[in-house]
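Remarks on the structure that follows.
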2 protein chains.
Amino acid sequence: MSSILTTEGVPLYVKIREGIRSDILQGRLQPGQKIPSEEELAEQYRVSRMTVRQGILDLIKEGLLHRKRGVGTFVSYPHFDRDHTRLTNFFESAREQGIEASSVVLKIEILAAPEKVAKHLRLEPGGSVICIRTLRYVNHTPVTVHDSYLPHRLFAGIIHEELENVHLWDVMEKYGFQVKRALQKLEAKPAAGEIAKLLGVKPGYPILYKERTVFSTDGTPVEFTYCYNRGDMYSLTVAMER
Amino acid sequence: MSSILTTEGVPLYVKIREGIRSDILQGRLQPGQKIPSEEELAEQYRVSRMTVRQGILDLIKEGLLHRKRGVGTFVSYPHFDRDHTRLTNFFESAREQGIEASSVVLKIEILAAPEKVAKHLRLEPGGSVICIRTLRYVNHTPVTVHDSYLPHRLFAGIIHEELENVHLWDVMEKYGFQVKRALQKLEAKPAAGEIAKLLGVKPGYPILYKERTVFSTDGTPVEFTYCYNRGDMYSLTVAMER
DNA sequence: GCTCTCTAGATGTATAGACGTCTAGATTTT
DNA sequence: AAAATCTAGACGTCTATACATCTAGAGAGC
């Protein structure tokens with residue numbers, strides 16, 4: 001087991017936590033294996049049991065360890081697919097999967113932000129926004145309609161950019177914003193008239209509906225989008241923890 | 001502030017935690033407001049400061065409170081500070097939002113795992129699984145049908161447990177498994193005959209359909225569930241990063 | 001009025017000990 | 001052999017106390 005180097009200003013429980021973490025990462029403790037008891041670790045690190053406990057509890061919260069009362073504390077099996085928590089770029093992931101993807105811009109206009117849009121973009125009501133409606137195709141079949149709203153103040157020149165067959169997020173980088181995080185609200189909705197026509201389905205057909213707010217690295221909301229996805233041709237996989 | 005009723009078998013920190021939670025839910029503590037200091041709460045509840053602390057830390061982990069060192073502890077604003085990446089327990093989050101929630105078990109049986117179920121639960125094909133169909137109500141309206149599959153080997157006795165109005169995940173803890181992580185695949189689908197009848201909608205009505213694999217702290221898949229959620233009464237918010 | 005310093009109040013870290021409760025396995029009893 | 005009981009070990013809860021560190025605001029000095 002690792003001992004603790006002399007480091008100042010670092011709480012003991014952090015040192016212990018990182019010591020155990022390194023034992024796991026370096027393979028000195030294997031998945032499924034029982035780690036020493038709180039009591040033993042306290043003696044080993046020469047701290048009180050409560051201090052050891054605090055470090056262990058951190059690692060449990062992280063998912064690196066788990067424990068069973070009356071039995072012991074064990075190293076968890078690593079979970080593979082970090083993949084699904086990730087926010088992915090439509091064109092990139094289509095290309096990765098060898099799928100033919102394209103998009104067309106149906107409409108682009110500047111208007112006063114509707115109330116809901118303003119709220120999500122943190123603009124004053126009626127603030128100026130750019131609205132872009134795009135239709136995306138997968139293997140030449142229409143799959144998704146996007147109504148995206150961007151703050152006009154941040155992306156004034158974007159209406160002159162080439163927006164077909166590229167991802168909006170790539171264009172945003174030219175304006176100094178890197179997409180970092182998105183909050184998506186998902187629902188199933190019947191297709192309303194115009195959307196149904198664009199997607200080539202009957203009105204009332206199930207649509208996977210998303211409202212998405214996109215934030216850049218500095219926390220600025222840079223995009224609010226209504227997404228209408230054809231239910232039978234679109235699925236979304238997410239990983240969640242607690 | 002609420003005082004604590006005499007209840008046996010419930011840890012003090014849990015009583016304090018729930019006391020504070022109820023203060024928030026009932027509006028005695030408003031979002032953004034500072035709650036009493038650890039010291040004051042300790043005196044109020046007549047326990048040691050460390051005990052109060054444990055209760056508060058739980059609520060912080062949940063996202064209901066946040067704190068700033070040297071300043072104080074504050075009630076979080078819903079949907080802003082509160083975290084959406086988290087895997088939430090249906091009954092817990094309903095309670096948090098002050099919504100009336102209930103569930104009934106429609107069917108419970110032991111059968112050989114269908115191929116897809118076996119794959120997700122990492123069982124040999126045809127391995128024995130427990131299938132539980134439940135119907136969940138929100139404010140007395142049916143909202144969700146769940147077809148859950150559990151490995152029979154791990155939860156043999158569960159068929160004798162009380163499963164109505166409790167969350168499966170709470171019951172699983174009795175069997176030594178703590179739910180940590182879930183992988184969910186989302187689609188919009190038309191309601192098929194039986195599901196439509198149970199949810200009280202017309203066949204073809206949009207359903208937010210989920211396939212969910214749930215993993216316990218040690219990485220074991222403990223549940224695979226087909227979820228059929230009424231599109232107009234159910235939404236899911238997720239945060240994603242890249 | 002402005003800046004700097006100080007301080008009260010709040011959370012963060014840490015200790016040592018006590019007792020509760022659960023689990024698995026060993027032991028005893030039947 | 002099977003069932004019931006016991007027990008060591010491990011985690012869970014809780015206390016009372018001490019000191020560290022951070023923050024916002026009060027107060028002193030300019």
Side-chain angles (χ1 to χ4, degrees), chain A residues 1 4 6-20 29 32-61 64-76, chain B residues 1 4 6-20 29 32-61 64-76 81 154-157 170-178 180 216-218:
Chain A
M1 299 292 145
I4 278 176
T6 43
T7 26
E8 288 156 39
V10 179
L12 285 175
Y13 78 92
V14 171
K15 292 187 198 171
I16 291 159
R17 184 183 73 202
E18 297 311 316
I20 297 172
L29 289 169
Q33 191 182 331
K34 183 173 170 307
I35 74 169
S37 72
E38 292 179 351
E39 213 95 47
E40 287 168 337
L41 286 168
E43 198 177 338
Q44 192 185 116
Y45 285 104
R46 294 170 187 286
V47 298
S48 85
R49 189 184 142 211
M50 292 300 274
T51 302
V52 167
R53 196 176 160 75
Q54 192 174 354
I56 289 178
L57 257 24
D58 273 4
L59 292 174
I60 288 173
K61 201 162 63 182
L64 220 52
L65 296 177
H66 65 276
R67 57 183 10 185
K68 196 166 172 193
R69 181 171 186 178
V71 184
T73 305
F74 305 83
V75 180
S76 294
Chain B
M1 300 293 147
I4 278 176
T6 44
T7 26
E8 289 157 36
V10 179
L12 286 174
Y13 79 92
V14 171
K15 292 188 197 171
I16 291 160
R17 184 184 73 202
E18 297 311 314
I20 297 171
L29 290 169
Q33 190 182 332
K34 184 172 167 305
I35 75 169
S37 72
E38 294 179 350
E39 202 102 47
E40 287 168 338
L41 285 167
E43 198 177 338
Q44 193 186 115
Y45 285 106
R46 294 171 186 285
V47 298
S48 88
R49 189 186 142 209
M50 291 301 271
T51 302
V52 167
R53 197 174 161 74
Q54 192 174 354
I56 290 178
L57 257 23
D58 272 4
L59 292 173
I60 288 172
K61 200 162 64 180
L64 217 55
L65 296 176
H66 62 273
R67 58 183 9 187
K68 196 168 171 192
R69 181 173 186 178
V71 184
T73 306
F74 305 84
V75 179
S76 294
D81 296 330
L154 304 180
F155 301 104
D170 292 329
V171 181
M172 284 179 178
E173 296 205 1
K174 284 197 211 165
Y175 292 80
F177 292 95
Q178 216 188 331
K180 175 67 183 171
S216 85
T217 43
D218 64 356

Next item on the list: To the nearest Å, give me how far apart CD (Gln54(A)) and C1' (dT15(C)) are.
Entry: 12 Å
Checklist line | Along DNA chain D, first and last positions that approach a heavy atom of chain B under 4.0 Å | finding: dT13(D) to dA24(D)
Margin query: Tell me the closest heavy-atom pair linking Ser216(B) and Phe177(B), and the distance in Å.
Written below: OG-CD2, 3.6 Å
Check: Is the backbone N or O of Lys61(A) less than 3.5 Å from a side-chain atom of Lys180(B), with the two atoms forming a donor-acceptor pair by type?
Finding: yes
Next item on the list: Using the test side chain to side chain donor-acceptor pair (under 3.5 Å), find all partners of Lys174(B) that sit at least two apart in sequence or belong to another chain.
Entry: Glu161(B)
Notebook entry, point to check: Counting only side-chain N and O atoms of Arg49(A), is one of them less than 4.0 Å from OP1 or OP2 of dA16(C)?
Noted result: no
Item checked: Atom-pair distance (CE on Met50(B); P on dG17(C)), nearest Å -> 16 Å
Note to self: I need the OH-P distance between Tyr175(B) and dC22(C), as an integer number of Å.
What the structure shows: 16 Å
Notebook entry, point to check: Which residue pairs satisfy the salt bridge (Lys or Arg N to Asp or Glu O under 4.0 Å) criterion with at least one member in residues 46-59 of chain A, sequence neighbours excluded?
Noted result: Arg17(A)-Asp58(A), Glu38(A)-Arg49(A), Glu38(A)-Arg53(A)
Item checked: Inter-axis angle, terminal five-pair segments of the helix from dG1(C)-dC30(D) to dT30(C)-dA1(D) [nearest 10°] -> 10°
Next item on the list: Could you pull out all residues at least two apart from Thr217(B) that satisfy side chain to side chain donor-acceptor pair (under 3.5 Å)?
Entry: none
Checklist line | Greater than 12 external heavy atoms within 6.0 Å of Glu173(B)'s CD | finding: yes
Next item on the list: Considering non-hydrogen atoms only, spot the tightest contact between Thr51(A) and Tyr13(A) and give its length.
Entry: O-CB, 3.6 Å
Notebook entry, point to check: If you find the nucleotide of DNA chain C closest to Ile35(B) and the one closest to Pro11(A), which residue's nucleotide is nearer the 5' end?
Noted result: Ile35(B)
Next item on the list: State, to 0.1 Å, how close Arg67(A) and Ile56(A) come at their nearest heavy-atom pair, and which atoms those are.
Entry: NH2-CG2, 3.7 Å
Notebook entry, point to check: Looking only at heavy atoms, which two atoms of Val75(B) and Leu65(B) are closest? And how far apart?
Noted result: CA-CD2, 3.9 Å
Check: Roughly, in whole Å, what's the span from CZ in Arg53(A) to C1' in dT13(C)?
Finding: 16 Å
Table of protein N/O atoms under 3.5 Å from nucleotides 8-10 of chain C N/O atoms:
| from | atom 1 | to | atom 2 | distance (Å) |
| --- | --- | --- | --- | --- |
| dG9(C) | N2 | Gly70(B) | O | 3.0 |

Notebook entry, point to check: Closest approach of Asp218(B) and Ser76(A), non-hydrogen atoms and distance?
Noted result: CA-OG, 4.1 Å
Notebook entry, point to check: What's the shortest heavy-atom distance between Val171(B) and Tyr175(B), and which atoms?
Noted result: O-CD1, 3.5 Å
Margin query: I need the NE2-P distance between His66(B) and dT11(C), as an integer number of Å.
Written below: 12 Å
